[in-house]
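Treat the numbers as computed from the prediction; the structure is a model and nothing was measured. Starting from 1, each residue takes its place in the sequence as its number.
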Amino acid sequence: MRLALCNEVLRALPFGAQCDMAASLGYAGLEIAPFTLDAEAPHRLPATQRLALRRAAAEAGIAISGLHWLLVAPAGLSITTADPAIRARTLDVIDRLIGLAADLGAGLLVHGSPAQRQVVATGDAARAEDCMARIAGWAAASGVTYCLEPLAACETNWATTVAEAAAIVERIGSPALRTMLDVSAAGNGEAEPAAALLERWLPSGLIAHIHLNDRNRRAPGQGEDRFAPILAVLRRHDYAGWCGVEPFDYRPDGPGCAAFAAGYLRGVLESLA
């Protein structure tokens, strides 16, 4: 398994400095929230800027592992709305973000975006699943994996558990569409502990990514969740994908939070060796 840092933790820094700091802390990858690159239209980043971002990461010796928080910008997107114009606009943004991921050398995209997938009327869930099927085709054509992220019911009401997301993935049946596990979301919404979920779902091949964070939304090690059992399951199943460190509440600040998580997780991994 490889550790990546979600870059919004360091978004106050220029991108090159984000790469340098993450690499210096021992992260192998940087998982990018597109809105940190452009607050209004990240899906339209010019080719020159894409090349510069990829070069900055390479010079720092760190990979761009993936994209997440996909639908923060531009505003007003939804995969569930009955408005065909808004859905078409949303799908266009996602298609272009898949292209951005490929241009940056990233292998995956994480579809969280809880506000943009709320189900409020009959037909909304079917529209969301239809969107996922179309997205899977674009991901396959670009050689990337698109992950539908289960989020707790306190955040959204569609695909709120690994089982629900896995069922959607299985119905669509594309190898480019997978699900994942977010430790915070699992802690706040699943009946089983995260380690038990991984023990059950990793053999299915449907889990393609992990987000490491405490259910209190802070970094691993800054709350009550224990990460040794989670990392032990990943090792036992020879998980070779990315584990993105994704806190939302940065204590004491972004850089300090990133450093704490790196040290804590490195210590846990060494204790499992």
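Under the 4.5 Å side-chain heavy-atom criterion for ILVMFWY residues, a single connected hydrophobic cluster contains both Ile64 and Leu5. Following chains of ILVMFWY side-chain contacts shorter than 4.5 Å, one can reach Val144 starting from Leu100, so the two form part of one hydrophobic cluster.
The aromatic rings of Phe248 and Trp69 sit parallel, their planes meeting at an angle under 30°, below the 60° perpendicular limit.
One distance of note links CG of Leu30 with CG of Asp20; it measures 10.5 Å at 0.5 Å rounding. Interatomic distance, Arg55 CZ to Leu51 CG, rounded to the nearest 0.5 Å: 4.0 Å. Taking OG1 of Thr161 as the start and CD of Glu192 as the end, the distance is 10.0 Å to the nearest 0.5 Å. The distance from the CG atom of Leu177 to the OH atom of Tyr146 is 9.0 Å, given to the nearest 0.5 Å.
Using a 3.5 Å distance cut-off with no hydrogens or angles, the side chains of His111 and Gln116 do not pair a donor with an acceptor.
Of the possible polar contacts, none joining the Asp225 side chain to the Val183 backbone as a donor-acceptor pair under 3.5 Å is found.
What you find for Val110 and Glu31 is that their closest heavy atoms are CG2-OE2, 4.0 Å.
Using a 4.5 Å heavy-atom threshold, the side chains of Arg178 and Val169 count as touching. Contact annotation: the side chain of Pro150 approaches that of Met180 to within less than 4.5 Å [non-hydrogen atoms, C-beta and beyond]. Residues Leu77 and Ile86 form no side-chain contact, since every pair of their non-hydrogen atoms from C-beta on lies 4.5 Å or further apart. Side-chain contact between Cys257 and Arg251 is absent, with no heavy atoms from C-beta onward closer than 4.5 Å. With contacts defined as side-chain heavy-atom distances shorter than 4.5 Å, the pair Ser184/Asp214 does not qualify. Counting heavy atoms from C-beta outward, Ile94 and Leu71 have side chains that approach closer than 4.5 Å. A 4.5 Å side-chain heavy-atom check between Val162 and Leu198 finds every atom pair outside the cut-off.
Under 4.0 Å is where a charged nitrogen must lie from a carboxylate oxygen, and between Asp92 and Arg96 at least one such pair does. A salt bridge links Asp124 with Arg127: the distance from a Lys NZ or Arg NE/NH1/NH2 to an Asp or Glu carboxylate oxygen falls below 4.0 Å. Salt-bridge formation is detected for the pair Arg171/Glu129: a Lys NZ or Arg NE/NH1/NH2 atom is positioned less than 4.0 Å from an Asp or Glu carboxylate oxygen. The pair Arg217-Asp249 does not count as a salt bridge, with every side-chain nitrogen at least 4.0 angstrom from each carboxylate oxygen.
Checking Leu202, Ile230, Leu197 one by one against Leu181, the side-chain contact (heavy atoms from CB on, under 4.5 Å) holds for a single residue, Leu197.
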Before giving the answer on side chain to side chain donor-acceptor pair (under 3.5 Å), spell out for His211 and Glu246 the whole-Å C-alpha distance, their side-chain angles and the decisive distance to 0.1 Å. CA-CA 6 Å; His211 274 159; Glu246 191 193 27; 2.9 Å; yes

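In this structure, Arg117 forms no cation-pi arrangement with Trp158, as its terminal cationic atom is not both closer than 6.0 Å to the ring centre and no more than 45° off the ring axis.
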